[in-house]
Amino acid sequence: MPTCRICEGPVQEFFDFGRQPVSDVFPAPSEIGTEHFYRLAVAFCENCTMVQQLEEVSRDRMFPADYPYRSSGSALMRQHFEGVAEHFLATELSGPDAFYVEIGCNDGIMLNSVRAAGVRHLGVDPAEEAAKVAGAGGSRVYVGFFEEPTARKIHAAEGPAQLIFSANTISHIAYIDSVFAGAGALLDEGGVFVFEDRYLGDIVEHTYFDQIYDEHFYLFSVRSVQALAQRFGFELIDVEHLPVHGGTMRYTTARAGERTPTEAVGQWLEGERAQRLWDWATYESFANRVQENCEGLKEMLTRLRDEGKRVVGYGATCKSATVLNYCGIGPESISFISDSTAEKQSRVTPGSHIPIRPSEAFREPYPDYALLFAWNHAEEIMAKEREFKEAGGRWILYVPKVHII
Ligand code: SAM
Ligand code: TMP
Ligand code: ZN
């Protein structure tokens, strides 16, 4: 039986999505066939409850210099991170000469707000082109992977950090032991290491199976993060559930014994017990629902094609890689996917080879149906594309169940 990346306990596989490509590397038409594939399988640790993948994609393949994801593409996420920055500027970063370190700062969506407030800061991100965007906004970025040696270098050059923050990145890092060792070396006494990631409870509750792709190596819960923190000399002292990205949890950790955990930690643990998030049976039934959703989606797309309807996709997300490749959906069903990210346009989706076009292509003319892969931005996108619905267009969603609105 395979063993847990964190505690070395036995892990049980509960779903195998088969051969999947690296989700955020979009080949140009001339590069089709050069994609790297691996086996996307997820497992549950019977000892520490951490849900994790069984096969790892190397970090250099997932996060190359031209990694195309740009956090600032979403107005909702810009607003979210402005709020997060405001909160920390008034708390952890309010002291004299505070130092802020961000792991996975990408295009500076959060870092720029901290910089604008005049606080000493350093972003760390290997995605050089995204980091350049943050740099152009005036923020300081170290281009590279955060791990223990990087953290020690930063500490030696700049001193201790009062806050290490990371959003949608820590769950991507299989070598998480090195991240915690680095945080331990870099944090000031009394400092906190805070990270936000997709919440397993939401993924299970709403069958958000497409949240499972190469980058989401771990799917965190309050219980598994509590065990993780403890293993590395930290303590989970607070949790806060956030509505972004289809359900996110913010985990606040500190060195063990430095701060008193809030009641929220115990409350969420109780909630997870009630949801049976630590029971194997939950994952067996999740697996059945994933299969049902995929079958339902394939049937609907086949029926629409037979009826001569035009269907396009909206948002060339990482999530879409899992849906398209697992369900076997390609350009025969979805003529193109519109996406606002310049770096993705004129390219095709990995593995499924659906062309990606700019947002304007969506309106020229409107399709009959739009399959919403960026469902986590549904409110923002549906408001922006109100005229599509007014013109008789319909949205197709495949989570929590396949439905048309
Ligand atoms: N924080 C942004 C957000 O929430 O929108 C970006 C999230 S993006 C999904 C993940 C980012 O983490 C990428 O920019 C990637 O290059 C970066 N990353 C991956 N591994 C990293 C590591 N070990 N250290 C620092 N950044 C890393
Ligand atoms: P995400 O779900 O990983 O945040 O990715 C969302 C993708 O959807 C990203 O490639 C940008 C794209 N997008 C649009 O095309 N239009 C939009 O209005 C929004 C919010 C996102
Ligand atoms: Zn474990």
Side-chain angles (χ1 to χ4, degrees), residues 3-11 23-24 26 43-52 59-60 62-65 67-78 80-81 84 101-111 123-131 134 141-147 150-151 165-176 178-179 182 195-197 210-211 213 215-217 224 227-228 231 244-246 248 313-320 337-341 343-345 356-359 362 372-385:
T3 54
C4 176
R5 260 314 274 258
I6 290 162
C7 77
E8 288 161 24
V11 295
S23 65
D24 225 339
F26 294 83
F44 172 75
C45 175
E46 288 174 0
N47 182 42
C48 76
T49 76
M50 183 64 83
V51 172
Q52 58 201 274
R59 63 189 195 177
D60 298 317
M62 282 195 289
F63 307 112
Y67 178 71
Y69 186 72
R70 295 291 177 271
S71 306
S72 299
S74 158
L76 179 75
M77 292 312 295
R78 290 199 299 273
H80 168 73
F81 285 117
V84 179
V101 173
E102 185 175 335
I103 306 175
C105 63
N106 197 268
D107 62 4
I109 188 168
M110 161 95 181
L111 195 61
V124 182
D125 201 304
E128 194 175 349
E129 290 178 13
V141 184
Y142 170 88
V143 177
F145 291 95
F146 186 93
E147 54 190 334
T150 326
F165 177 77
S166 185
N168 307 302
T169 303
I170 299 303
S171 64
H172 302 27
I173 306 179
Y175 47 98
I176 204 162
S178 181
V179 171
F195 47 97
E196 296 180 1
D197 278 284
D210 57 340
Q211 296 278 24
Y213 53 87
E215 293 180 11
H216 293 169
F217 187 82
S224 65
L228 169 75
R231 194 168 177 86
V244 293
H245 285 311
T248 291
Y314 203 107
T317 57
C318 294
K319 297 185 282 297
S320 71
I337 300 183
S338 84
D339 196 287
S340 57
T341 317
E343 287 77 3
K344 295 183 186 179
Q345 294 158 10
I356 302 167
R357 306 244 185 277
S359 304
F362 182 63
L372 186 58
F373 291 112
W375 52 261
N376 46 320
H377 304 287
E379 212 174 303
E380 180 176 346
I381 290 172
M382 288 185 188
K384 196 187 289 182
E385 304 292 359

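Everything numeric in this text was worked out from a predicted model, so none of it was measured. One-based numbering, in listed order, for ligands and for the atoms of each.
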Quiz item: Looking only at atom types and distance, does a side-chain atom of Glu380 sit under 3.5 Å from a main-chain N or O of Ala75, one as donor and one as acceptor?
Solution: yes
Quiz item: For atom 17 (C) of ligand 2, what is the nearest protein heavy atom, given as residue, atom name and distance?
Solution: Lys384 NZ, 3.4 Å
Quiz item: Quick one: does Asn376's side chain have a donor or acceptor within less than 3.5 Å of a partner on Gly246's backbone?
Solution: no
Quiz item: Just wondering, do His172 and His216 contact through their side chains at under 4.5 Å, heavy atoms?
Solution: yes
Quiz item: Hey, looking at atom 21 (C) of ligand 2, which of Pro68, Ser320, Ala378, Ser340 has the closest heavy atom?
Solution: Ser340
Self-check item: Contact check: Tyr69 vs ligand 1, nitrogen or oxygen atoms, below 3.5 angstrom
Solution: no
Quiz item: Can you list the residues that meet the salt bridge (charged side-chain N to carboxylate O under 4.0 Å, His left out) rule with Glu196, with sequence neighbours excluded?
Solution: Arg250
Practice problem: Please examine the side chains of Val11 and Phe44, heavy atoms only from C-beta on, and report whether any two atoms are closer than 4.5 Å. | Solution: no
Quiz item: Of the backbone atoms (N, CA, C, O) and the side-chain heavy atoms from C-beta on, which set of His172 has a member under 4.0 Å from an atom of ligand 1: side chain, backbone, both, or neither?
Solution: side chain
Quiz item: Does some side-chain heavy atom of Lys319 sit less than 4.5 Å from a side-chain heavy atom of Tyr213?
Solution: yes
Quiz prompt | Check: Ser74 N/O within less than 3.5 Å of ligand 2 N/O | solution = no
Quiz item: Among Phe146, Phe165, Tyr175, Tyr67, whose heavy atom sits nearest atom 8 (S) of ligand 1?
Solution: Tyr67
Exercise. For ligand 1, indicate whether the residue Thr169 contacts it via side chain, backbone, both or neither (heavy-atom separation under 4.0 Å).
Key: side chain
Quiz item: Numbering the atoms of ligand 1 from 1, which are under 4.0 Å from a heavy atom of Ala127?
Solution: 16 (O)
Quiz item: Under 4.5 Å between any side-chain heavy atoms of Phe146 and Ile170, yes or no?
Solution: no
Practice problem: Looking only at protein heavy atoms, identify the closest one to atom 12 (C) of ligand 2 and say how far it is in Å. | Solution: Asp339 OD2, 3.3 Å
Practice problem: Distance to 0.1 Å, residue and atom name: give those for the protein heavy atom nearest to atom 1 (P) of ligand 2. | Solution: His377 NE2, 3.6 Å
Practice problem: Given side-chain contact (heavy atoms from CB on, under 4.5 Å), test His377 with Met77 step by step and report yes or no. | Solution: CA-CA 9 Å; His377 304 287; Met77 292 312 295; 4.1 Å; yes
Quiz item: For ligand 1, which atoms sit closer than 4.0 Å to a heavy atom of Phe81?
Solution: 4 (O)
Quiz item: Below 4.0 Å from any atom of ligand 2, is there a heavy atom belonging to Met77?
Solution: no
Quiz item: Counting each atom of ligand 1 from 1 as listed, which ones have a heavy atom of Ile173 under 4.0 Å away?
Solution: 22 (C), 23 (N)
Quiz item: What is the closest protein heavy atom to atom 14 (O) of ligand 1, and at what distance does it sit?
Solution: Asp125 OD2, 2.8 Å
Quiz item: Can a non-hydrogen atom of Arg70 be found less than 4.0 Å from any atom of ligand 2?
Solution: no
Exercise. Could you please spell out the steps behind the side-chain contact (heavy atoms from CB on, under 4.5 Å) verdict for Phe145 and Val179?
Key: CA-CA 10 Å; Phe145 291 95; Val179 171; over 6 Å; no
Quiz item: Got the closest protein heavy atom to atom 2 (O) of ligand 2, with its distance?
Solution: Lys319 NZ, 2.7 Å
Quiz item: Nearest to atom 4 (O) of ligand 1, what protein heavy atom do you find, and at what distance?
Solution: Asn168 ND2, 2.8 Å
Exercise. For ligand 1, indicate whether the residue Tyr142 contacts it via side chain, backbone, both or neither (heavy-atom separation under 4.0 Å).
Key: neither
Practice problem: Please confirm whether Tyr69 comes under 4.0 Å of ligand 2, counting heavy atoms of the residue only. | Solution: yes
Quiz prompt | Under-4.0 Å heavy-atom contact with ligand 1, by part of Phe145 that carries it | solution = both
Quiz item: Between Asn106 and Tyr69, does any side-chain donor sit less than 3.5 Å from a side-chain acceptor?
Solution: no
Self-check item: Note, Leu228 side chain near Cys48 side chain (heavy atom, < 4.5 Å)
Solution: no
Quiz item: Any idea which atoms of ligand 1 are less than 4.0 Å away from a heavy-atom of Ser71?
Solution: 2 (C), 3 (C), 5 (O), 6 (C)
Quiz prompt | Atoms (protein N, O or S; no water) under 2.8 Å from the Zn ion (ligand 3) | solution = 4
Quiz prompt | Under 3.5 Å: donor-acceptor pair, side chain of Lys344, backbone of Ala316 | solution = yes
Practice problem: For ligand 1, find out whether one of its N or O atoms is nearer than 3.5 Å to an N or O atom of Gly104. | Solution: yes
Exercise. List for me each residue that meets salt bridge (charged side-chain N to carboxylate O under 4.0 Å, His left out) alongside Glu147, sequence neighbours excluded, and say none if there are none.
Key: Arg59
Self-check item: Over all atoms of both residues, closest heavy-atom pair of Thr169 and Gly104
Solution: OG1-CA, 3.8 Å
Quiz item: Is there a side-chain contact between Met50 and Cys7, using heavy atoms and a 4.5 Å cut-off?
Solution: no
Quiz item: Under the 3.5 angstrom rule, does the side chain of Arg231 hit a backbone N or O of Ile6 as a donor-acceptor pair?
Solution: yes
Quiz item: Under the salt bridge (charged side-chain N to carboxylate O under 4.0 Å, His left out) test, which residues partner Arg70, sequence neighbours left out?
Solution: Glu343
Quiz prompt | Ligand-residue contact atoms, ligand 1 with Ile103, heavy atoms, under 4.0 Å | solution = 24 (N), 25 (C)
Quiz item: Of the protein's non-hydrogen atoms, which lies at the shortest distance from atom 5 (O) of ligand 2, and what is that distance?
Solution: Thr317 CG2, 3.6 Å
